[in-house]
Amino acid sequence: MTVQELPGAAAYRPTPPPAWRPRTDPAPLLPDPEPHRVLGTGAELDRALMLKLYAELVRGRRFNAQATALTKQGRLAVYPSSTGQEACEVAAALALEERDWLFPSYRDTLAAVARGLDPVQALTLLRGDWHTGYDPREHRIAPLCTPLATQLPHAVGLAHAARLKGDDVVALALVGDGGTSEGDFHEALNFAAVWQAPVVFLVQNNGFAISVPLAKQTAAPSLAHKAVGYGMPGRLVDGNDAPAVHQVLSEAVARARRGGGPTLIEAVTYRMEAHTNADDATRYRGSAEVDAWRDHDPIRLLEGELTARGLLDEDGIRAAAEAAETMAAALRDQMNADPALDPMDLFAEVYAERNGQLREQAAQLRAELEAEAR
Amino acid sequence: MTVQELPGAAAYRPTPPPAWRPRTDPAPLLPDPEPHRVLGTGAELDRALMLKLYAELVRGRRFNAQATALTKQGRLAVYPSSTGQEACEVAAALALEERDWLFPSYRDTLAAVARGLDPVQALTLLRGDWHTGYDPREHRIAPLCTPLATQLPHAVGLAHAARLKGDDVVALALVGDGGTSEGDFHEALNFAAVWQAPVVFLVQNNGFAISVPLAKQTAAPSLAHKAVGYGMPGRLVDGNDAPAVHQVLSEAVARARRGGGPTLIEAVTYRMEAHTNADDATRYRGSAEVDAWRDHDPIRLLEGELTARGLLDEDGIRAAAEAAETMAAALRDQMNADPALDPMDLFAEVYAERNGQLREQAAQLRAELEAEAR
Amino acid sequence: MATATDKKPATMAQALQRAMRDAMAEDPTVHVLGEDVGTLGGVFRVTDGLAKEFGEDRCTDTPLAEAGILGTAVGMAMYGLRPVVEMQFDAFAYPAFEQLISHVAKMRNRTRGAMAMPIVVRVPYGGGIGGVEHHSDSSEAYYMATPGLQVVTPATVEDAYGLLRAAIASDDPVVFLEPKRLYWSKSDWSPEAPAAVAPIGKAVVRRTGSSATLITYGPSVPVCLEAAEAAREEGWDLEVVDLRSLVPFDDETVCASVRRTGRAVVVHESAGFGGPGGEIAARVTERCFHHLEAPVLRVAGFDIPYPPPMLEKHHLPGVDRVLDAVARLQWEAEH
Amino acid sequence: MATATDKKPATMAQALQRAMRDAMAEDPTVHVLGEDVGTLGGVFRVTDGLAKEFGEDRCTDTPLAEAGILGTAVGMAMYGLRPVVEMQFDAFAYPAFEQLISHVAKMRNRTRGAMAMPIVVRVPYGGGIGGVEHHSDSSEAYYMATPGLQVVTPATVEDAYGLLRAAIASDDPVVFLEPKRLYWSKSDWSPEAPAAVAPIGKAVVRRTGSSATLITYGPSVPVCLEAAEAAREEGWDLEVVDLRSLVPFDDETVCASVRRTGRAVVVHESAGFGGPGGEIAARVTERCFHHLEAPVLRVAGFDIPYPPPMLEKHHLPGVDRVLDAVARLQWEAEH
Ligand SMILES: Cc1ncc(C[n+]2csc(CCOP(=O)(O)OP(=O)(O)O)c2C)c(N)n1
Ligand SMILES: Cc1ncc(C[n+]2csc(CCOP(=O)(O)OP(=O)(O)O)c2C)c(N)n1
Ligand SMILES: [Mg+2]
Ligand SMILES: [Mg+2]
């Protein structure tokens, strides 16, 4: 299936594909490049890795479902689900070494959890008892980032600093298709290429930035083509083919680690749910398009292939489902407990030391709280 | 001469050229693309146009020299000379129709003057008696723009508005090599491509952003390649070959005018003088590099070709030089007169109507001025 | 004019939508642009239906880039259009800061009036909606400190309509701050009935009183009105001034009130330090010093990054904090 | 310590360079980055020689993109470095606004202290150097209004060194505002002699006096000192307080002075409306109301875009305007 054949392709790709190549180009690039795939190509598969990917995909989908359910129960303020995009989330987490850094966006709770972060800590931001719920240095996961694309220069700076220090640490930064339009995307990729920083940029092209389809976002033949303008390699991958995403990411990470510089990867995927629980996706896309993507579902794809190859059987499927249920039940229980809140935390860590006015204000709040308590 | 053979090429191009192409690219782009040329290629030349270009180049160089001299005499606060880049400046002005718009940067006084703007009005900003010295709407020249790359989205917005209105107006925006690193460059090109706005972006790659050479600015094989990531055509042109710049610009303007959308053009040129009169270029580049570029001087190139073809003779050369001298003498005289200044102008046109505090402040200044006058 | 039967409850979000719709219908140069403003009608539905009614060229979903949005709006204004730009949330207007400060605010002055910037930048602002970080900033201090901008914020449904009409009609740029938590506030103002344009630069006395003046705007207006009600029990008769326009500032209305009451508290949600309240307190003091029985006090958000949803209620200035400040207006010394 | 013979005149630009050099020598995690800071040594030569001495990895010419510079500095700080970022001019810091407000200022708080941001953002600011538009903004109000930032500005050569050392040593972000027109001001402080670190958050009384207090900072300090000299002829003995640190604000020193003198004028170059003076006047009034014989007055730049070079002298607060304000401090009523 080429990108043009994907469900909703019209929204995905400008039609007709624009003429784009510089005059000095002796040969045209593919106007509709075929993304890299593994599943269905007969490529050899590492069984342990595939089963791990599979288990994490299943767990990830269940996690998304549980988190969305928690919004309905008022246990989360908001949840931007990555259902449909689990292959990207999980592959991102698994492609990294322990010492590497992940720079997630607000949609990438799952990548953080798949990396091993405690789910409650990962969900703190969206529950609303604090902002970042974990120590980024401990987990080498930067704060889930809301201002779009602003995490990308952070990843570059960190990777650059690590390289200067002689550490072979790689930074992987996640961003959406919409985020590629921001100035920070441009500046980050340019710095990365000039500094040959060990950083990998993964664009999850899920077709939409809230309601805005990719065709209104860019006229480029693919987001991977944006790599050209920075002098770095660009890769296009089927974002629902978990082994493919893992492979492309792993290659890029390895390349960065051995001093080969940054890579831009576009993973073509689809956001199956609304932007967040607060969004109404029916306002901007039809259910036929969503349904068509179900045929290209990342779990279904991997499950089908592994089953066909005899690498996975009914038992394995059941075991993965059960493990996911156990995780979900535990998460539900944990999230059903009210978090401990201390209003005085408002003044904690604004600065290393409270200045005069913060001392005054803290005293005021304390007095108010004491008066209330009386 | 390929770009690699240009003087100072090491600073111009990263060595070795980085691998840049997306995996789906079936054929490599030229890692060191050859810029488009006219002079020396035997192409047919339009005599009237060539002589006009020639006269303007000579006038332009003289203008730059005069303006720099005026800084020494304290008649200009600062002057960023475009000596060495006259082919770009002049071609930009001549490639536009009367109804088109020019969006110059702070270095492009010459383009504005070559378009017909009164030199004193064009120099007002740099003399310092006011900011923009002319009515942009009257001349269809946006204010000379200092914050880098910020004029690019303006050009896109104007071109888009014109197209919506049904006017066949094209906007030409000028920016430097350094300016391509700014987020506004990225956002402007992206908007232009998505909207298919009738706008042309001309990057004058003069090798430096103040002291920073291009190799520290980008790792791309050429700045023209940046077009790829926006889905627009990219063109690379020898920026010292005036007919070539004019040709490439004219084609892009024509394309934009007939609804074909935006084009990005990189013109490879060289800033022969310091960044401004206040800069000391010896701190960051050797005189050998500068001298080598004299062989590729835009006036010399055109003069040589026109003479060789018998389109220009000694008389013609003398006439152009004399016209330039006349212009310079007039400019000197005009600029030697102190501009009329009215301090009360501070409060003019902050808003359409002065608000209360501005009325108070204006009254205060008026009282001060009256007290001084007594 | 509206008849009584036209009237039905309308929300502030609807009033804003109606203001744009009426302006677009009257003036073909009015264009709306921003992220998700077209098909979706904006994340707060403030532009709902505009793309359908006026076409995507008049109400345009842009690429996701705020500097690009405002920068292209500058170019559109240069060609004679009147762009109304939506920034999705307060903190997401920051990428457009350079365009706003260095171009939008200065263009008329730079060009000696040749090129005005009739641009409205709509910014949903403030907290109280349970938003996660970066969704609840009160950024008015940045805009107030920038000569060349007008800064306006409605507190009522009627003013939302009237001020936005005035902002779109203004030949100078307006940062139009929309209090997010009042988007769904209602009144019996009818979106079907023609409504008055509210003048920019005029504060309004929302409640008359004689003991002290509460000077406030936007999301804090309802808080102050509630506080004024509660204060009656304590024997204070509070006047509430809704500034509506931070720039230009209506010294006349504010000072007339303070001279009468002799005491004032400025109330806003934005952080106190370096916030609007400093300017307001300072200018009221400069102008009314000998009428003041006590220093002008300020009740504001704490000087901290906006808190997470579960803690925001401790940060936001509420009725009690307003009353506490009123109590500190040195009544004993006088009474 | 320095001996008398060490001493030779040094400029503020040299003192700043020396502060970075000393910090870089002492602490290998200190990195300087910005446009033209390497080979050229910065357009004001403040980083002169650092790339040569410490290598290009420690003092780095970046691509031309301010958000990228500050954004990568955030990442470097995440990995334990202490970046010192140079913004080339005040107005060219605006593209980095989002990174500054949404990340630099908030990161410590967002992460409950796990991730501090020991970043210094050096911003040459203010006018008086004949710069064309966009080269003379006074942007301190924006930074002051942002909780999480410290905002510091030296007025003397010694403080330039001492405050920059303190800023680099601070675990929290500092916007370090350098008054451009004082870059070449001199003192007999020797760049070769070790100098004291000046504490952030402490104002200093530059001149003692009893009639009234001039509260000022940065480029306006010399103006106020000159005004104080001139005021002697009129019989006023003026105290001059140099704030040095706008955030944190030294209420103690300022209020002690105002309580003593009973009168105050805030002087700064930034536009008056919404500028630092409002906050300062308001907090001084809140804290010293009953000691005040007159309202705290403000002398500031006009509320206009910064003027072109030939007109800037009419905009900048000078000695006469300061004396006029002092004269308006209601002396008759008291004397
Ligand atoms: C600078 C900025 N502007 C606007 C927003 C509001 N916003 C949040 S998510 C979003 C859409 C992002 O789309 P995309 O980058 O494709 O990521 P996705 O949500 O599809 O994962 C927008 C506009 C923001 N968070 N930050
Ligand atoms: C946003 C912004 N950042 C920094 C500057 C300061 N500055 C002025 S010119 C310049 C170099 C520009 O280089 P380039 O874009 O190559 O243009 P050139 O000067 O070579 O014509 C810099 C850094 C500025 N004007 N605007
Ligand atoms: Mg998306
Ligand atoms: Mg250049």
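The analysis underlying the following values was restricted to heavy atoms, covering all of them including side chains, and did not include hydrogens, waters or symmetry mates. Residue numbering restarts at 1 for every chain, and letters A, B, ... go by the order of the sequence lines.
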Below 4.5 Å from any heavy atom of chain B, which atoms of A:Phe191 appear? Answer side chain, backbone, both or neither.
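For A:Phe191, neither part sits under 4.5 Å from chain B.
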
Would you compute the distance between atom [atom1] of [X] and atom [atom2] of [Y] and round it to the nearest 0.5 angstrom?
| X | Y | atom1 | atom2 | answer |
| --- | --- | --- | --- | --- |
| B:Asn190 | A:Gln217 | CG | CD | 7.0 Å |
| B:Lys226 | A:Lys226 | NZ | NZ | 11.0 Å |
| A:Glu182 | B:Glu187 | CD | CD | 5.5 Å |

Side chain / backbone / both / neither for B:Thr180 at chain A, heavy atoms under 4.5 Å
backbone

Minimum heavy-atom distance A:Ala220-B:Val228, with the two atoms named
CB-O, 4.2 Å

Any idea which heavy atoms bring B:Gly231 and A:Pro221 closest together, and the distance?
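Closest approach of B:Gly231 to A:Pro221: CA-CD, 4.3 Å.
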
